[in-house]
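The structure appears below as structure tokens.
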2 protein chains.
Amino acid sequence: MAIRPETHRTRGLARRAALLDAAGEIVGERGIAAATHRAIAARAGVPPSTTSYFFESIDELLATAMRERLDEHVQALRALTATIESAELTPDPQTIDGFADATAVLVMSGPRAHTIAQFEVYMQASRDSKYSNYAEEMFDAFEALAAAGLKAAGAAEPATGARAIVALVDGLMLQHLARGTTERRAKSEIRAALAVAFHSYLEVSQ
Amino acid sequence: MAIRPETHRTRGLARRAALLDAAGEIVGERGIAAATHRAIAARAGVPPSTTSYFFESIDELLATAMRERLDEHVQALRALTATIESAELTPDPQTIDGFADATAVLVMSGPRAHTIAQFEVYMQASRDSKYSNYAEEMFDAFEALAAAGLKAAGAAEPATGARAIVALVDGLMLQHLARGTTERRAKSEIRAALAVAFHSYLEVSQ
DNA sequence: AGGATGTCTGGACATTTGTCCAGACTACTC
DNA sequence: GAGTAGTCTGGACAAATGTCCAGACATCCT
């Protein structure tokens, strides 16, 4: 009761975090099928039984890992959204290009495995409704960013085009991953497509 | 030598096809991890050892199943592309809307599991370069369709926007799958987004 | 220092998995 | 109808997997 096993808990949480990181990396690199208890433990550098100690089951471990990874992404999206919204931007081509660039940089940041794991969440969501909430949160956060960008750029109805812009970026990222193109090229493609799309939607909604 | 086991081979091929269908369905419904020898065989209604008889390994079975499913899609895409190209369309709003509609119908046809399996191919491609060719073929066929549509609608440089349109549609489909929206809604969203995008790219490239 | 308490792990277990093959079976030729 | 060649399958095997737990371990209070 009065015990504060500070060191214990600290190390425990560190191991738990290591397991979650390892799980995310394995899912990204070799798929969900390869994310076994032993593989995850080996990657995290802990004994196999550690996984059972910290998580009810392998499913809970994976769900938690996905959740954490997703939270990071959502947080980054919301941070950029807040920046866009707080800055009083003037609707001009420069603003649009700047936003397109910032978005491209954000979605292409982070290791490749993380990005793949993110799409793996979408696949899980398509089968298991438990994951749908995860995916929806992600989409909504991204959509809010797109809407903020549209609004800052002077669009009359930001909501209309936001979903399409999210789809456009996700689609380009999926193509990048599946085709194996360089990150450099993917980033510039996303930036260009976003710029075009923003200009277009601007014209349409004005 | 002179033997023509016609009936044998016929039934054999039917079973092989049943296995491939079953594999595709299971991948779509429950993911690659659930696509085991026994699960596939049970679904196809054949003894478990049949899988080993017809395929070198489980990987070859899955790769073949993905390949077949993908070929169907590519064929459908090319058929529509040929139709668009052969018809001498006049570049007007009606043409664009008609093309948007035809594309939306095409990509949303087929059972949900097939669509998910198609995205699973993209995920595999992101990890295994062997699958990259599959994904690329798919993307290229779709891109050709989009380019044909742009060209028919009077776009000056069809190639420029085609890739973005493919990304847009794939992204919308992914959102549809992950969010669990109705097919009706997804189809209308795809149609609307395509119409807007085509009009936009039209203006941009002219 | 010593006991108490929560933290961790080696090893084991039942299941499930991929793979194989000896032999049963079927269709065909003569 | 008997023989034969190709087709198929039940059953078995090793390996891998998820899960569990008795006990070792570390940390803390008194």
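So that the names make sense, note that chain A is the first sequence line, chain B the second, and so on, each numbered from 1.
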Round to the nearest Å and state the distance from [X] atom [atom1] to [N] atom [atom2].
| X | N | atom1 | atom2 | answer |
| --- | --- | --- | --- | --- |
| A:R16 | C:dG6 | CZ | P | 19 Å |
| A:R38 | C:dT17 | CZ | P | 15 Å |
| A:I58 | D:dG18 | CD1 | P | 5 Å |
| B:Y53 | D:dT9 | OH | P | 10 Å |
| A:H37 | D:dA16 | NE2 | P | 17 Å |
| B:E60 | C:dT19 | CD | P | 10 Å |
| A:D59 | D:dT17 | CG | P | 15 Å |
| A:I40 | D:dA16 | CD1 | P | 17 Å |

To the nearest 0.5 Å, what is the distance between [atom1] ([X]) and [atom2] ([Y])?
| X | Y | atom1 | atom2 | result |
| --- | --- | --- | --- | --- |
| A:E157 | A:L150 | CD | CG | 11.0 Å |
| A:E120 | B:E120 | CD | CD | 6.0 Å |
| B:F139 | A:L174 | CZ | CG | 5.0 Å |
| A:L172 | A:R191 | CG | CZ | 12.5 Å |
| A:R78 | A:T83 | CZ | OG1 | 14.0 Å |

* **Residue whose closest nucleotide on DNA chain D lies nearer the 5' end, A:A33 versus A:E56** =>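 So the residue in question is A:A33.
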
* To do: Tell me whether the centres of the aromatic rings in B:Y131 and B:Y134 are closer together than 6.0 Å.
  =>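 Aromatic pair counts; centres sit under 6.0 Å.
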
* Does a nitrogen or oxygen in the side chain of A:R15 sit under 4.0 Å from OP1 or OP2 of C:dT9? -> yes

With the criterion being N/O to N/O and under 3.5 Å, what pairs connect the protein with nucleotides 21-23 of chain D, and how long is each?
none

* Asked: So with a 6.0 Å cut-off around CD of A:Q75, is the heavy-atom count from everything else above 12?
  -> no

* Check every strand shown and say whether A:S57 touches a base, only sugar-phosphate, or nothing at a heavy-atom separation below 4.0 Å. => sugar-phosphate

* **Positive for side-chain contact (heavy atoms from CB on, under 4.5 Å) with A:T115, one of A:M108, A:R69, A:M173** =>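 The passing option is A:M173.
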
* To do: Please list residues of residues 18-30 of chain B whose heavy atoms come under 4.0 Å from any atom in DNA chain C, ordered by number; otherwise none.
  =>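 Contacting residues: none.
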
* With sequence neighbours left out, what residues match B:F119 under ring-ring contact (aromatic ring centres under 6.0 Å, His included)? ->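 Partners of B:F119 under the ring-ring contact (aromatic ring centres under 6.0 Å, His included) test: B:Y122.
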
